[in-house]
Amino acid sequence: MTSNLVPTYAPPNLVFTRGEGVYLYDADDKPWLDFIAGIAVNSLGHCHPALVDALKSQADNLWHLSNMFEVPAREQLARRYCDSTFADLVFFTNSGTEAVEGLLKAARKYHADNNQPERIEVLTFAGAFHGRTYGAINAGGNPAYLKGFGPAMSGFVQLPFGDEKAFLEAISDKTAAVLIEPVQGEGGVRAADDEFLQLLRAKCDETGALLLYDEVQCGAGRTGKLFAHQWSNAEPDGMAVAKGVGGGFPLGAFLLTQQVGEHMVVGTHGSTYGGNPLAMAVGIALWDELERPGMMDHVVKVGNFLKQQLAALADEYSDLVVETRGKGLLVGLKLHEKLIAKEVAGLARDEGLLIGAAGDNVIRMAPPLIITEDHAREALQKLGKALQKARDTASK
Ligand SMILES: *Cc1c(COP(=O)(O)O)cnc(C)c1O
């Protein structure tokens with residue numbers, strides 16, 4: 001049968017009909033251990049009762065108003081985000097790419113209003129992924145995502161990830177902002193050093209540039225802090241969030257300091273759906289769970305366990321694995337060039353384990369935050385089998 005979908009995706013021949021906790025099920029009720037979680041989205045697993053309840057009761061009440069009218073839950077969720085971060089002001093979106101666009105606009109507006117309209121340059125880092133809209137693909141700088149879509153936007157300068165020297169040479173009085181993922185997801189599960197983020201903060205303070213974080217993938221508790229940069233104490237002026245904050249319901253936001261956000265006055269930005277009652281109800285229920293005492297400790301503990309197990313596996317398969325990567329429950333294995341990450345993810349799928357591939361030939365795991373050590377053991381045992389198969393094939 002021919003497909004009526006734009007052919008941007010190539011999913012495997014596999015249909016899930018149900019999800020519960022850390023497992024997905026197909027029509028034959030065969031379980032699949034989900035260690036990619038909609039790419040770091042289903043942070044509480046599938047069909048978490050608190051989220052199901054929140055969505056169902058909101059659905060009986062009120063779905064949509066637009067931003068023409070107040071939604072008290074919007075104010076509530078914004079307050080919750082601000083209480084636990086650097087931020088004073090929040091704008092709700094439906095996705096990560098919209099959140100990044102908002103950050104970029106807010107940064108330029110801030111400088112324009114401060115009589116420095118020439119200050120438009122945004123420094124970004126190789127391997128970055130910031131989404132698929134025009135501003136975001138230009139910020140991401142991945143040639144594969146830009147090719148064929150017309151002239152590159154001016155004002156984006158890309159630097160090697162973590163390269164202090166290149167950064168110190170690039171930042172200038174033209175720099176509007178520095179945009180970085182504290183842990184790169186798509187680019188190969190690479191965590192920036194705390195010292196690097198601290199250097200970015202110090203230099204931004206010195207030059208008047210804004211520091212912007214894209215925590216769409218590494219935020220929402222994924223690294224064992226509510227936001228990944230909180231390990232470093234290098235706080236930003238703006239931050240994009242999405243994915244895990246909605247737990248599977250489309251929800252994103254950009255968070256700003258008062259100083260930056262106050263320039264985004266009436267008429268400067270908007271969204272029809274952003275901050276709708278359904279998203280707010282789910283977002284609040286999800287945040288309640290993330291802030292539950294012990295939740296972040298759990299992520300740290302089970303994340304450490306998973307990483308130890310991955311390191312052991314990397315040792316066992318040192319002919320195939322170059323290194324372990326990541327932080328908390330955003331982890332990966334960089335593979336030797338004789339293997340292709342996507343193919344190894346396919347072999348894992350044959351074993352009933354769902355994982356992803358990322359750039360730089362890395363297999364990526366971003367399981368729900370609620371996994372136990374038993375889930376981690378099960379995943380690693382399946383991944384071991386997949387690597388064994390890859391080894392057998394490679395040696396043929
Ligand atoms: C996924 C992702 C985005 C884009 O989010 P969408 O919801 O797909 O638009 C942006 N930045 C990072 C770091 C991401 O991982």
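Each ligand, and each atom within it, is numbered from 1 in the order the structure gives.
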**Report entry** Glu75 and Arg79 ion-paired at < 4.0 Å
**Finding:** no

Report summary line: Between Phe35 and the options Met365, Arg364, Lys382, Glu378, the side chain to side chain contact (heavy atoms under 4.5 Å, CB included) test singles out Met365

Query - Short side-chain donor-acceptor distance under 3.5 Å, Thr93 and Ser271 - result: no

Query raised in the report: For ligand 1, which atoms, with element, lie under 4.0 Å from some heavy atom of His130?
Result: 10 (C), 11 (N)

Query - Distance-only side-chain donor-acceptor flag, Arg74 / Asn67, under 3.5 Å - result: yes

Report summary line: Nearest non-hydrogen protein atom to atom 11 (N) of ligand 1, with distance, is Asp214 OD2, 2.7 Å

Report task. Could you tell me whether Val100 and ligand 1 have an N or O pair separated by under 3.5 Å? Result -> no

Query raised in the report: Can you find an N or O of Val216 that's nearer than 3.5 Å to an N or O of ligand 1?
Result: no

Report task. For Gln388 and Tyr317, test the side chains for any donor-to-acceptor distance below 3.5 angstrom and give the result as yes or no. Result -> yes

Query raised in the report: What part of Ser95, side chain from CB on, backbone N/CA/C/O, both or neither, has a heavy atom under 4.0 Å from ligand 1?
Result: both

Requested in this report: For Thr97, take its heavy atoms, then give the atoms of ligand 1 lying under 4.0 Å from any of them.
Outcome: 4 (C), 5 (O), 6 (P), 9 (O)

Report task. Please identify which atoms of ligand 1 are closer than 4.0 Å to at least one heavy atom of Gly131. Result -> 4 (C), 10 (C)

Query raised in the report: When you check the side-chain N and O atoms of His375 and Thr372, is any donor under 3.5 Å from an acceptor?
Result: yes

**Report entry** Lys/Arg N to Asp/Glu carboxylate O, Lys165 vs Glu169, below 4.0 Å
**Finding:** yes

**Report entry** Contact bool for atom 8 (O) of ligand 1 (protein heavy atom, d < 4.0 Å)
**Finding:** no

Query - Glu181, Gln217, Lys243: member with heavy atom nearest to atom 2 (C) of ligand 1 - result: Lys243

Report summary line: When distances are taken from atom 5 (O) of ligand 1, the protein heavy atom at minimum range is Gly96 CA, 3.3 Å

